[in-house]
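Written out below as structure tokens is the structure these notes cover.
Per chain, numbering begins at 1; letters A, B, ... match sequence-line order.
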Number of protein chains: 2
Amino acid sequence: MESADIKKAGLKVTLPRVKILEILEQNHEAHLTAEDIYRCLLEAREDIGLATVYRVLTQFEGVGLVRKHNFEGGQSVYELDTGQHHDHILCLDCGKIIEFVDEEIERRQQAIAEQNGFELEEHSLTLYARCNRCPNRDGEGR
Amino acid sequence: MESADIKKAGLKVTLPRVKILEILEQNHEAHLTAEDIYRCLLEAREDIGLATVYRVLTQFEGVGLVRKHNFEGGQSVYELDTGQHHDHILCLDCGKIIEFVDEEIERRQQAIAEQNGFELEEHSLTLYARCNRCPNRDGEGR
DNA sequence: ATGTATGCAAATTGTTTGCATCGTC
DNA sequence: GACGATGCAAACAATTTGCATACAT
């Protein structure tokens, strides 16, 4: 149950927090922008301001409930932090996002960081591609 | 010579374009923000507006002279596009950036995209790490 | 009851655009 | 001389912040 997670994180259980967490859980496979979430709330007739959405997301990120990604293009997107790390494939045509993990890549990254005298903390890997579901709009693409 | 590159790209050879390209070449190892470049220009007593810097960078990106990256944190950074692709290691402490290429990772990415039914166009991989040059400010870091 | 969280509007920040003028070809 | 390029200021978009009020504990 989500309110438990909020409390466990040391945050007061408030309606906006619960609602936002719910939306993130319901759209678990999606990667939502702050505006997306705000729009969901409006549709659900919840009277929650956009500023609050940003504030809550930032707090959630701080306590590790949520991950934030900066893909290409202005907005940041947020997803629930399920604990298991993963990278992303993003379809340039339809925007669909797929998650994946590749042990070999993980290992290589670790090795590369070490070879260069770094201690690896994090990484971000995104593949920009075209899924063959898409009606490949313009023949060959970009 | 840089003005040749500009002409070759089909752009008029203007002072702002030449100057900006020069700055990018001089700081070849750095990854500069639009503001960084603007500041360089000011120091060099060149009367070039920030808007022009953005316009020129965007055009340069369009013709493949420059690559744009969205690392963590607001600003985009730009670097000369030397043709050879590479990824980045970014030091969380001092901001230093190292470039690398790993054939194994490149191969795996290609394979992963295919396995998931995608045609890979591009990718962005950044390792966030701590270089052991840095006086590891706060013991264990974040 | 207390102090934190929220809503709203205003402020910031990074980037883009409109328009009159300037410079390159 | 023509037409694209520039400078400046205003416009925008995403996100953050100040402040009076509302709410969880």
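B:E35 has its CD atom 10 Å from the C1' atom of C:dT15, to the nearest Å. To the nearest angstrom, P of C:dT15 lies 16 Å from CD of B:Q59. One can place CG of A:N70 at 14 Å from P of D:dA14, the figure rounded to the nearest angstrom. Computed from coordinates, the B:H69 NE2 to C:dT15 P distance equals 14 Å when rounded to whole Å. As rounded to whole Å, 16 Å separates atom P of C:dC22 from atom CG of B:L15. C:dG23 atom C1' lies 16 Å from atom NZ of B:K19, rounded to whole Å. In this structure, A:I37 places its CD1 atom 15 Å from P of D:dA14, rounding to the nearest Å. If you take CD1 of B:I20 and C1' of D:dA5, they are 12 Å apart, rounded to a whole angstrom.
The pair A:R130-B:E119 does not meet the salt-bridge criterion, since no charged nitrogen lies less than 4.0 angstrom from a carboxylate oxygen. No salt bridge links A:R108 with A:E103; every basic N to acidic carboxylate O contact stays at or beyond 4.0 Å.
In this view, B:H88 and B:H31, B:H69, B:F71, B:H86 satisfy the ring-ring contact (aromatic ring centres under 6.0 Å, His included) rule, not counting sequence neighbours.
Residues A:D81 and A:G64 share a closest heavy-atom pair of CB-O, 3.4 Å. Here the closest heavy-atom approach between residue B:I37 and residue B:L24 is recorded as CD1-CD2, 4.0 Å.
Here B:E104 contributes atom CD and A:Q109 contributes atom CD; the two are 12.0 Å apart, rounded to the nearest 0.5 Å.
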Enumerate all atom pairs, one protein N or O and one N or O from nucleotides 16-23 of chain D, separated by less than 3.5 Å.
unit_1: D:dG18; atom_1: O6; unit_2: A:R55; atom_2: NH1; d: 3.3

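Between A:E122 and A:H85 there is no side-chain heavy-atom pair separated by less than 4.5 Å.
Toward the 5′ end of DNA chain C lies the nearest nucleotide of A:Y38, the other residue of the pair B:A34 and A:Y38 mapping further downstream.
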Apply side chain to side chain contact (heavy atoms under 4.5 Å, CB included) to residues A:L21 and A:I6 and explain how you reach the verdict.
CA-CA 9 Å; A:L21 195 49; A:I6 296 176; 3.7 Å; yes

| message | Pair B:D102, A:I112 - check side chain to side chain contact (heavy atoms under 4.5 Å, CB included), show working. | response | CA-CA 8 Å; B:D102 184 79; A:I112 290 162; 3.6 Å; yes

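Comparing D:dA5, C:dT15, C:dC8 against the side chain of B:L11 picks out D:dA5 as the nearest.
Proximity of A:S76 to the phosphate of D:dT15: a side-chain N or O atom is located under 4.0 Å from OP1 or OP2.
Recorded end-axis angle for the helix from C:dT12-D:dA14 to C:dC25-D:dG1 stands at 30°, based on five pairs per end and rounded to 10 degrees.
Among the protein residues, A:I48 comes within range of the sugar-phosphate backbone only, with heavy atoms under 4.0 Å from sugar or phosphate atoms but none that close to a base.
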